Number of protein chains: 2
Amino acid sequence: MSGTLDVQEAVAGLCCPPVTGAPLSGEAAAELARVLAALADPVRLRLLSLVASRAEICSCNLEGPLGKSQPTISHHTKVLADAGLIIGERRGRWTWWRVDAGRLAAVREALGG
Amino acid sequence: MSGTLDVQEAVAGLCCPPVTGAPLSGEAAAELARVLAALADPVRLRLLSLVASRAEICSCNLEGPLGKSQPTISHHTKVLADAGLIIGERRGRWTWWRVDAGRLAAVREALGG
DNA sequence: TACTGATATCGACGGCCGTCAATCTACCAG
DNA sequence: CTGGTAGATTGACGGCCGTCGATATCAGTA
């Protein structure tokens, strides 16, 4: 809206200027690295794509396709949620997950988008 | 050029459909995870931004700003180069590094760009 | 209140990663 | 050839991460 806002405005919680711009500060690099570390796992990438493939998905629908134990799935959903990439909501006995598209876009922008 | 080419065409060596599309295969997830793991380190992110801040940069200009030992810098440049994110060229006694912008763009697209 | 089922947490094991000192290799100057 | 310098490689150490069995928590149901 305002003319004073730039690329970093769209960066949901991620305060990193693009890596392709000026040299990153230690703090900005650490914060971006934390989110990227959450993404840098095959199981979590597949989990993320499963969540993204629908508006919402229940934890119980993740164990089967991913072929991992229930504690492992719970661990990975927590890592992605802590990184802000997915959002969980408990309804009754089930936990429903959805992607935070803004956060994912923020990562792309931090990567020089 | 051809009309048959789509998003994946621009993905320099990265054959991953976007995570926001259909669920990722195990192989696609593993390959994307490998590149993201190379990015998921504060020192390497700062190194990458240093390389990106100029057309080229010499290894000897990295140790100072990053505050790491020479073997550590050499290790990190190798990790980034193996991931295809930077390209090194040896000229005389020095090694010059530059960013592979296409590869970085490929990562962004794999992340749903 | 008990009982069942869905998730979260804990504890432990094995393996991978970042770091650096020491060493090796390659290149240029003399 | 010899010396000096830039960079790569090796080996070792410490710590973090993915995984799962066991257990705890928490919501709905009878």
Side-chain angles (χ1 to χ4, degrees), chain A residues 24 26-27 29-51 54 56-98, chain B residues 24 26-27 29-51 54 56-98:
Chain A
L24 254 51
E27 287 182 12
E31 182 174 1
L32 181 52
R34 239 178 292 123
V35 182
L36 288 171
L39 287 170
D41 178 89
V43 174
R44 285 196 289 270
L45 284 175
R46 291 175 60 208
L47 197 163
L48 187 67
S49 72
L50 278 169
V51 175
R54 327 183 183 191
E56 283 183 325
I57 194 169
C58 168
S59 289
C60 54
N61 289 326
L62 293 172
E63 300 176 25
L66 294 175
K68 298 291 176 184
S69 71
Q70 179 269 322
T72 299
I73 298 301
S74 183
H75 165 68
H76 286 309
T77 51
K78 178 171 169 48
V79 171
L80 286 173
D82 287 348
L85 293 162
I86 63 175
I87 299 168
E89 185 184 347
R90 191 126 189 194
R91 288 206 290 271
R93 272 193 284 235
W94 294 273
T95 304
W96 295 87
W97 301 96
R98 58 191 167 85
Chain B
L24 254 50
E27 288 182 12
E31 182 174 1
L32 180 54
R34 238 179 293 124
V35 182
L36 289 171
L39 287 169
D41 178 89
V43 175
R44 284 198 289 271
L45 284 175
R46 291 174 59 208
L47 196 162
L48 187 67
S49 72
L50 278 169
V51 175
R54 325 183 183 191
E56 281 184 327
I57 194 169
C58 168
S59 288
C60 54
N61 289 326
L62 293 171
E63 300 175 25
L66 294 175
K68 298 291 175 182
S69 70
Q70 178 270 320
T72 298
I73 298 299
S74 183
H75 165 69
H76 286 310
T77 52
K78 178 171 168 48
V79 171
L80 287 172
D82 286 348
L85 292 162
I86 63 175
I87 298 169
E89 186 184 345
R90 190 124 190 196
R91 287 204 291 272
R93 270 192 285 231
W94 296 273
T95 304
W96 295 88
W97 300 97
R98 58 190 166 86

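Source: prediction; values computed, not measured.
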query: Should H75(B) and K68(B) count as side-chain neighbours, where that means a heavy-atom distance under 4.5 Å?
result: no
Side chains of L62(B) and T77(B) in contact at under 4.5 Å (non-hydrogen atoms): yes
task: Calculate the interatomic distance between E63(B) atom CD and dA8(D) atom C1'; express it in whole Å.
output: 12 Å
query: Nearest-Å distance, NZ (K78(B)) to P (dT10(D))?
result: 9 Å
task: Scan nucleotides 19-30 of chain C nucleotide by nucleotide, 5' to 3', and note B when protein non-hydrogen atoms come under 4.0 Å of the base, S if they reach only the sugar-phosphate, - if neither.
output: BBBB----BB--
message: Under 4.0 Å, counting only non-hydrogen atoms across every strand here, what does S59(B) touch: a base, just sugar-phosphate, or nothing?
response: sugar-phosphate
message: Output the rounded distance in Å from CG (L39(B)) to P (dC17(C)).
response: 15 Å
task: Between dA8(C), dT7(C), dG18(C), spot the one nearest the side chain of R44(B), thanks.
output: dG18(C)
- line: In whole angstroms, the gap separating C1' of dG18(D) from CG of L66(A) amounts to 14 Å
message: If you compare every side-chain N and O of T95(A) against the phosphate oxygens of dA6(C) (OP1, OP2), does one of them come in below 4.0 Å?
response: no
Spacing of N61(B) atom CG relative to dA6(D) atom C1', expressed in whole Å: 12 Å
field: side-chain hydrogen bond (donor to acceptor under 3.5 Å, both in side chains) contacts touching residues 34-46 of chain A (sequence neighbours left out)
entry: R44(A)-H76(A)
field: E89(B) CD - dG7(D) P separation (whole Å)
entry: 14 Å
- prompt: Starting at CG of L45(B) and ending at P of dC17(C), how long is that distance when rounded to a whole Å?
  reply: 16 Å
task: Kindly indicate whether the side chain of T72(B), heavy atoms from C-beta on, has any atom under 4.5 Å from the side chain of V43(B).
output: no
field: E27(A), CD: over 12 other non-hydrogen atoms inside 6.0 angstrom
entry: no
field: Length of the CD1-C1' vector between I73(A) and dG21(D), whole Å
entry: 16 Å
- prompt: side chain to side chain contact (heavy atoms under 4.5 Å, CB included) with A83(A): which residues, sequence neighbours excluded?
  reply: A38(A), L85(A)
- request: Evaluate the side-chain contact (heavy atoms from CB on, under 4.5 Å) criterion for residues S74(A) and K78(A): first the C-alpha distance (whole Å), next the side-chain angles of each, then the deciding distance (0.1 Å), finally the verdict.
  value: CA-CA 6 Å; S74(A) 183; K78(A) 178 171 169 48; 5.8 Å; no
